[in-house]
**Q** 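Would you mind keeping the following structure in view while I ask a few things?
Because only heavy atoms are used, hydrogens play no part in the values below, and waters and symmetry mates are left out as well, while side chains stay in. Keep in mind the model is a prediction, meaning the values are calculated, not measured.
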Amino acid sequence: MTLSNKIMATTTRDPFRNKMSKQHFKVCFCFRRMFKLNVAEPPEEINTIFNAYSENDFMSMDDLCNFLVEFQGEEEEGDATKKHAQTIFDSLKHLNIFQRKGLHVDAFFRYLLSDLNGPLAEVHHEMTYPLAHYFLYTGHNSYLTGNQVSSASSTSAIIKALKKGVRVIELDLWPNSKGNDVLVHHGGTLTSSVKLKACLNAIKDYAFVASPYPVIITFEDHITSPLRAKVAKMLDGIFGDMLFRPESSQPMREFPSPEELKGKILISTKPPESTEGTREEEAQRLEDNNKDDLDDQDEEDDTPEYGNLISIHAGKPKGKLTHWLTDHEQVRRLSLSEQELEDIAKNHGTEIVRFTQRNILRIYPKGTRLNSSNYDPMIGWMHGAQMVAFNMQGRGHFLSVMEGMFRANGGCGYVKKPDILLNVGPNNEVFDPRAIRPIQKTLQVLVYMGDGWRFDFRHTHFDFYSPPDFQVQVSIEGVGGDKDRKRTRTIEDNWIPVWNEVLSFPLRVPELALLYIKVVERDSAGSHDFGGQTCLPVSQLRQGIRAVRLRNRNGLLYNSVRLLIHFHFLT
């Protein structure tokens, strides 16, 4: 079905060409309701701004440059602003609303709603710090296509995750029934199996499609020593020079940087040898009288080649937690469930933050999330956890939040942790996730209007008897003191709602805050329809009036649906 057939009214794709038409809704066999169908026109506030930066009803190239610098807050660096202004002019030249002597208000409005005026700055983080200084886009049971109990295991789930920028892929390794090959599946469940070799080949083919930065494969290892030798040969044969091989002669005191590891595959799992670890760790194990301190160690392994391929040594805290959070000679990865983190953080929050300044912390969903749901990722991020592992095959609010975080830094799958999580104060203090901080800045979100639903949806999609009644819900996902949710009033019976409302959000830790925006179509019966959503990192929001494109429930952009929003920071 074409877009023109989706709207049962005399409108066209270009909202500036037709000024008005009618839309009919059938109420019964003999009666129809008729509604005026307006086009998208600049709100009065946009007209006022245009008049302030134009002359004789036209905005010249110089006028547009002034608007970009003074109102939109774009930094003027050499000819960058002029080049941007020229790009805007060039994008409008083919339209009949463009005039050679400059932009009139309709062309200016068209630019404001265009993709050239998106909400996120093109910020590229410094990538030369150790891996522990970054949040990593991390998957959980990356091979599953559905729930955690009975769904299929497939390379398609791995490929989908890599295409969206996920940088950490988890594979559970199990022997086949004959014990002569390695399969990947969720142990103790009815999930189907897929061969490890197929998974590794899929990773090789798609690892760097979305990002050049390293992919880390985390193994949950349930295989025997002979099969480990087989896995080592697989890794070497499939990845070759792509595989990062750590120096085995000395412990790794600091992780390499994403920049150093560009185009590389890293392996992270628990060491296979029971003798792994320093003398300090062995003494601590004896003190704790806990032989399983390094997470279910197998018998002494005779395949050193497998162990030599492990770049990031992993384990779970068994025994005294304080021992695990103590600084050791060799950097490592610690894994905790979401529930374990919440419990431990009550009394050891700052110790966890300090641990993550050098080491890697992975958080994974608790075992009761059988439907592949997810948890609030902020509990991990606010403690410095680099690998907040998510079920990428599901949906839901928290997965949208995860996707919002990794829209930062060009969507490369690595986001530099804010300095507050990495700094050490004069008295050796670190960030306390539970502390109440003063307000650092206030984000003002002025929601002007929305448009595009009339192109992307059938005219009866939201309501059989009238145009939709849209409301915008805006919330902050952040540390406890920053979490907030506000909403606009509902605009009834209008495909092009104009709200013109300001929503303010005081922020205590703006470096970690994410802005979640959702549009609902309100129903008097209480069941509201979904009208689009997006999530954006506050740290990379561009001030000024911006076109914010919305996404469907699966996180994919709609063709046309967008909001016009003015972002402004008060300090």
Side-chain angles (χ1 to χ4, degrees), residues 123-144 155-172 184 199-220 235 238-239 242-244 246 255-269 309-314 331 333-335 356 359-365 374 377 380-381 384-393 398-399 401-417 535 537 540 555:
V123 175
H124 297 286
H125 299 171
E126 176 60 57
M127 303 298 284
T128 59
Y129 294 96
L131 284 179
H133 288 217
Y134 299 84
F135 296 130
L136 282 66
Y137 205 175
T138 303
H140 172 254
N141 289 351
S142 304
Y143 49 88
L144 288 181
T155 58
S156 64
I158 297 170
I159 292 169
K160 184 178 179 181
L162 291 169
K163 282 184 174 181
K164 72 187 290 186
V166 172
R167 297 290 85 192
V168 184
I169 299 294
E170 182 188 26
L171 303 177
D172 290 4
V184 173
C199 295
L200 298 180
N201 276 314
I203 293 171
K204 176 187 177 182
D205 293 341
Y206 291 90
F208 306 110
V209 168
S211 169
Y213 292 106
V215 167
I216 299 172
I217 305 173
T218 62
F219 287 153
E220 187 173 305
L235 294 172
I238 292 173
F239 295 125
M242 294 171 65
L243 191 64
F244 177 73
F255 291 115
S257 71
E259 189 65 31
E260 293 175 82
L261 296 170
K262 262 186 175 180
K264 292 292 186 181
I265 306 286
L266 284 75
I267 304 300
S268 178
T269 187
L309 296 180
I310 299 174
S311 308
I312 303 173
H313 289 195
V331 290
R333 171 172 70 83
L334 173 66
S335 289
T356 61
N359 303 279
I360 290 176
L361 177 61
R362 177 179 175 270
I363 310 301
Y364 58 92
N374 288 301
W381 292 331
Q386 297 87 347
M387 297 182 180
V388 179
F390 259 38
N391 295 306
M392 297 297 170
Q393 73 276 30
F398 289 132
L399 185 54
V401 172
M402 172 68 67
E403 291 169 344
M405 167 64 84
F406 288 98
R407 290 193 183 108
N409 198 23
C412 73
Y414 284 79
V415 173
K416 181 73 165 55
K417 288 161 63 171
C535 188
Q540 289 192 204

**Q** Kindly compute the distance separating CZ (Phe255) from CG (Leu261), expressed to the nearest 0.5 Å.
**A** 10.5 Å
**Q** With side chain to side chain contact (heavy atoms under 4.5 Å, CB included) as the criterion, how do Leu243 and Ile267 come out once you've worked through the C-alpha distance, each side chain's angles and the decisive distance to 0.1 Å?
**A** CA-CA 8 Å; Leu243 191 64; Ile267 304 300; 4.0 Å; yes
**Q** Of the non-hydrogen atoms in Glu403 and Gly555, which two are nearest, and what is the gap between them?
**A**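 Taking Glu403 first and Gly555 second, the nearest heavy atoms are OE1-CA, 4.2 Å.
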**Q** Any side-chain hydrogen bond (donor to acceptor under 3.5 Å, both in side chains) involving residues 126-136? Give me the pairs, sequence neighbours left out, ordered by first then second residue.
**A**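 Those involving residues 126-136 are Glu126-Thr128.
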**Q** Over 60° means perpendicular and under 30° means parallel, so classify the ring planes of Trp381 and Phe135, tilted if in between.
**A**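 Phe135 vs Trp381 ring planes: tilted.
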**Q** Roughly how far, to the nearest 0.5 Å, is the SG atom of Cys535 from the CE atom of Met402?
**A**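 It comes to 10.5 Å.
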**Q** Taking the side chain as everything from C-beta on, heavy atoms only, tell me whether Glu170 gets closer than 4.5 Å to Val168.
**A**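 When only atoms from C-beta onward are counted, Val168 and Glu170 do not touch, as no gap falls below 4.5 Å.
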**Q** For the backbone of Ala132 and the side chain of Lys417, can you confirm whether one donor and one acceptor N or O come within less than 3.5 Å of each other?
**A** yes
**Q** For the OG atom of Ser142 and the CD1 atom of Ile159, what is their distance to the nearest 0.5 Å?
**A** 12.5 Å
**Q** Of the non-hydrogen atoms in Met392 and Thr138, which two are nearest, and what is the gap between them?
**A** CE-O, 3.2 Å
**Q** Kindly check if the number of other-residue, nucleotide or ligand heavy atoms within 6.0 Å of NZ (Lys160) is above 12?
**A** no
**Q** Are the side chains of Arg362 and Ser268 in touch, meaning some heavy atoms are under 4.5 Å apart?
**A** no
**Q** Are side-chain heavy atoms of Tyr206 and Ile158 found at a separation under 4.5 Å?
**A**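 Contact flag for Tyr206/Ile158 side chains = no.
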**Q** How long is the span from the OG atom in Ser156 to the CD atom in Gln393, to the nearest 0.5 Å?
**A** 10.5 Å
**Q** How close do Pro377 and Phe398 get, counting heavy atoms only, and between which atoms?
**A** CD-CD2, 3.9 Å
**Q** Check for a donor-acceptor pair, side chain of Glu259 on one end and backbone N or O of Met127 on the other, with a separation under 3.5 Å.
**A**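 Absent.
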**Q** Write down the atom of Leu131, the atom of Pro258, and the distance for their closest heavy-atom approach.
**A** CD2-CG, 3.9 Å
**Q** State whether the side chain of Gln540 and the backbone N or O of Asn409 hold a donor-acceptor pair below 3.5 Å, judged by distance alone.
**A** yes
**Q** Quick one: are Met387 and Ile216 in side-chain contact, heavy atoms under 4.5 Å?
**A** yes
**Q** What is the distance from atom CG of Leu309 to atom CG of Leu235, rounded to the nearest 0.5 Å?
**A** 6.0 Å
**Q** How close do Pro537 and Ala408 get, heavy atom to heavy atom, and via which atoms?
**A** CG-CB, 3.9 Å
**Q** A side-chain contact here means heavy atoms from C-beta on lying under 4.5 Å apart; do Ile265 and Lys204 qualify?
**A**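 The answer is no, as the side chains (C-beta and beyond) never meet within the 4.5 Å cut-off.
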**Q** Against Phe219, only a single residue in Ile169, Leu171, Ile310 fulfils side chain to side chain contact (heavy atoms under 4.5 Å, CB included); can you say which?
**A** Leu171
**Q** Is there side-chain contact between Leu162 and Arg167, with heavy atoms separated by less than 4.5 Å?
**A** yes
**Q** Evaluate the side-chain proximity of Asn359 to Leu334: yes if any heavy-atom separation is below 4.5 Å, no if none is.
**A** no
**Q** Apply the test side chain to side chain contact (heavy atoms under 4.5 Å, CB included) to residues Ile203 and Phe239: give CA-CA distance (whole Å), side-chain angles for both, the deciding distance (0.1 Å), then the verdict.
**A** CA-CA 9 Å; Ile203 293 171; Phe239 295 125; 4.2 Å; yes
**Q** Taking the side chain as every heavy atom from C-beta outward, state whether Phe208 and Met242 have any atom pair closer than 4.5 Å.
**A** yes
**Q** Mind checking the CD-CD1 spacing from Gln386 to Ile363? Nearest 0.5 Å is all I need.
**A**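 Interatomic distance, Gln386 CD to Ile363 CD1, rounded to 0.5 Å: 9.5 Å.
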**Q** Given 3.5 Å as the limit, does a donor-acceptor pair link the side chain of Tyr414 with the main chain of Pro214, or not?
**A** yes
**Q** Do side-chain atoms of Asn391 reach the backbone of Asn374 as a donor and acceptor pair under 3.5 angstrom?
**A** no
**Q** Report the C-alpha distance between Thr218 and Glu220 in whole Å, list the side-chain angles of each, state the deciding distance to 0.1 Å, and finish with yes or no for side chain to side chain contact (heavy atoms under 4.5 Å, CB included).
**A** CA-CA 7 Å; Thr218 62; Glu220 187 173 305; over 6 Å; no
